[in-house]
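This report concerns only the one structure given below.
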Amino acid sequence: MNEWINVMQARKWMKKNESFLPSWHAYVGSELGLFDEFESARTVEAISEKTGYPHDLLASWVKVGVAVKHLKKRPNDRYRTSKRRCASLMGNDASPGVKALLKEMMELHFPTMLQYPAIMKSQERAEFNHDLHGEVVAETSALLEHFAIKKIKKMIRDKKVETIVDLGCGHGGYLRKLAAEFPHVQMTGVDINQKVIDRARELSEEFPNVQFEVGDINEWKPSNDEKVDVVLLHNIFHYIHPSSRRGLLNHLHHYVRGQGLLSVITPINETEHGEAFSSAFNSFFVAHSNLFSLPNKNELKEISEHCSYDLFDLDPVIKEGSWYTCWMSPSSPVKEMKHTRMAGSSEQTLATSSFDQSELTRSS
């Protein structure tokens, strides 16, 4: 290959690396509290002496910060954090969500993606550590739910909801937001991670209408065997093998009211929105032995129909990330039998008089 062509091609790829630097710089600064250290103009020497961080490493971080405009150079070799760009990473105004998102990207997503060659050669996939990373993922999931909360609040008011179950509830932030506005609604959060549930209980002490339980969402049921008005299935499907997703939806028939609703939030693969992000996100999931591929629209429609749910209002909530929301509602037995007649099913199926949803599922 011509040496000049070789150099130019390498240069193009080098330039593409620049977009990585702001995220890396923000992550390091957030983890070490460096944006707070440089809140007022300080020298690298002064901060190095105060924190004990090696001078050369700190100086390199500062230079990157100036290049990506996270830091501003001041007279006498002093540097100050740009509050306009980095306020969400500073002091009491720091956003836990932004910090968690950076942590998830840098400690989970990027390392896994870099392991792709080794994973593909060995065919030994990574394993997601729920105990180690569960709390960070819970925090980032809460960010996404914020975009759908208005829609869900309206539904709670319109349908006069009395009970809500949040499966895979994380730290319970979503339930607390709902509980603050609907103190009469009884809410239960379920998560498989004991540490996450302990933290959820701690954060939710002032909400008497919210309780939390440790449990596997594929098996958990309300202890009082009562029916539930609404079940939240938010960012859940990538934790469930595609072949087991029908099983979860069938299981929910045991305790979701016939006129109840499932609220679904999930990133979707193979869509017209956020294709680059969703495909990269999907690559992260399938690189693990205990995480699974994202559903696409056809799969959502197919499993909802197979499990006797009506799916509606499938809309993007964050287009650039290909996150979607939708509702699923248990199909009424009358509607199911009409559909069966139209399909010309056997008289034995038509004779179904029980409103048991599992029987309807088996006959579909």
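We use all heavy atoms of the structure for the numbers below, so side chains are in, but hydrogens, waters and symmetry mates are not.
- Judged purely by atom type and a 3.5 angstrom limit, H171 has no side-chain atom pairing as donor or acceptor with the backbone of G173.
- N76 places no side-chain N or O within 3.5 Å of a backbone atom of R78 that could act as its donor or acceptor partner.
- Residues N298 and N296 have side chains that never bring a donor and an acceptor to within less than 3.5 angstrom of each other.
- With hydrogens and angles disregarded, no donor-acceptor distance shorter than 3.5 Å links the side chain of S289 to the backbone of E127.
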Chi angles and distances behind the salt bridge (Lys or Arg N to Asp or Glu O under 4.0 Å) call for E181, K153:
CA-CA 9 Å; E181 189 162 338; K153 285 181 177 179; 2.9 Å; yes

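- Looking only at atom types and distance, the side chain of N235 has a donor-acceptor partner in the side chain of W323 under 3.5 Å away.
- In this structure, F281 and F284 have parallel ring planes: the angle between them is below the 30° cut-off, well short of the 60° mark.
- H238 has its ring centre no less than 6.0 Å from the ring centre of F292.
- When atom types are taken as modelled, the side chain of S95 and the backbone of V98 share a donor-acceptor pair closer than 3.5 angstrom.
- Between the CH2 atom of W24 and the CG atom of L102 there is a distance of 13.0 Å, given to the nearest 0.5 Å.
- Nearest heavy-atom pair, C169 versus D191, reported as atom, atom and distance to 0.1 Å: N-OD2, 3.6 Å.
- Among all heavy-atom pairs drawn from R125 and V286, the shortest one is NH1-O, 2.5 Å.
- Across L300, I303, L262, V264, a single residue satisfies side chain to side chain contact (heavy atoms under 4.5 Å, CB included) together with L311, and that is L300.
- Within 6.0 Å of CE in M113 there are more than 12 heavy atoms belonging to other residues, nucleotides or ligands.
- Closest approach of V161 and H184 over heavy atoms only: O-NE2, 3.9 Å.
- Defined by atom type and a distance below 3.5 Å, a donor-acceptor pair is missing between the side-chain atoms of T271 and K297.
- Put simply, the side chain of S122 gets close to the backbone of E124: a donor and an acceptor are under 3.5 Å apart.
- Ring geometry, Y239 versus H130: the interplanar angle falls from 30° to 60°, so the pair is classed tilted.
- Remark: E213 does not engage K221 in a salt bridge, criterion side-chain N to carboxylate O under 4.0 Å.
- Using a 30° and 60° split on the angle between ring planes, F35 and H25 fall in the perpendicular class, above 60°.
- Here the closest non-hydrogen pair linking H234 and I152 is CE1-CD1, 3.7 Å.
- The two residues S293 and R245 make their nearest non-hydrogen contact at O-NH2, 2.5 Å.
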Run I217 and I192 through side-chain contact (heavy atoms from CB on, under 4.5 Å) and show every step you take.
CA-CA 8 Å; I217 64 173; I192 199 170; over 6 Å; no

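- Side chain of R80 to main chain of R42: no donor-acceptor pair is present (N/O by atom type, distance under 3.5 Å, no hydrogens or angles).
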List the steps, then state whether ring pair (Phe, Tyr, Trp, His ring centres under 6.0 Å) holds for F285 with F128.
CA-CA 9 Å; F285 290 129; F128 181 77; 8.7 Å; no

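- In this structure, V230 and V165 have side chains that are not in contact, with every pair of non-hydrogen atoms separated by 4.5 Å or more.
- The structure places CG of N209 at 10.0 Å from OG of S204, a figure rounded to the nearest 0.5 Å.
- The heavy-atom pair separating F38 from I47 by the smallest distance is CZ-CG1, 3.5 Å.
- Note: Y255 and H251 have perpendicular aromatic rings, judged against thresholds of 30 and 60 degrees for the angle between ring planes.
- Contacts classified as side chain to side chain donor-acceptor pair (under 3.5 Å) and involving residues 96-115 (residues at least two apart or in different chains) are given here: Y27-E107, E31-K103, K103-E107, E104-H109, E104-T140.
- Within the 4.5 Å cutoff, side-chain heavy atoms of E37 are placed close to those of T51.
- No continuous path of hydrophobic side-chain contacts links L232 to L248 [ILVMFWY only; heavy atoms under 4.5 Å].
- The closest donor-acceptor contact from the side chain of Y53 to the backbone of L34 lies at 3.5 Å or more, if one exists at all.
- Using a distance-only test at 3.5 Å, with no hydrogens or angles considered, no donor-acceptor pair links the side chain of N269 to the main chain of L294.
- Y116 contributes a side-chain N or O that, together with a main-chain N or O of S283, makes up a donor-acceptor pair within less than 3.5 Å.
- Remark: side-chain polar atoms of S322 are not paired, donor with acceptor, to backbone N or O of E275 under 3.5 angstrom.
- Side chains of Q211 and T188: a donor on one and an acceptor on the other come within 3.5 Å.
- Atom-to-atom distance recorded for Y324:OH and S278:OG is 9.0 Å, nearest 0.5 angstrom.
- Salt bridge status for K154 with D158: present, with a side-chain N to carboxylate O gap under 4.0 Å.
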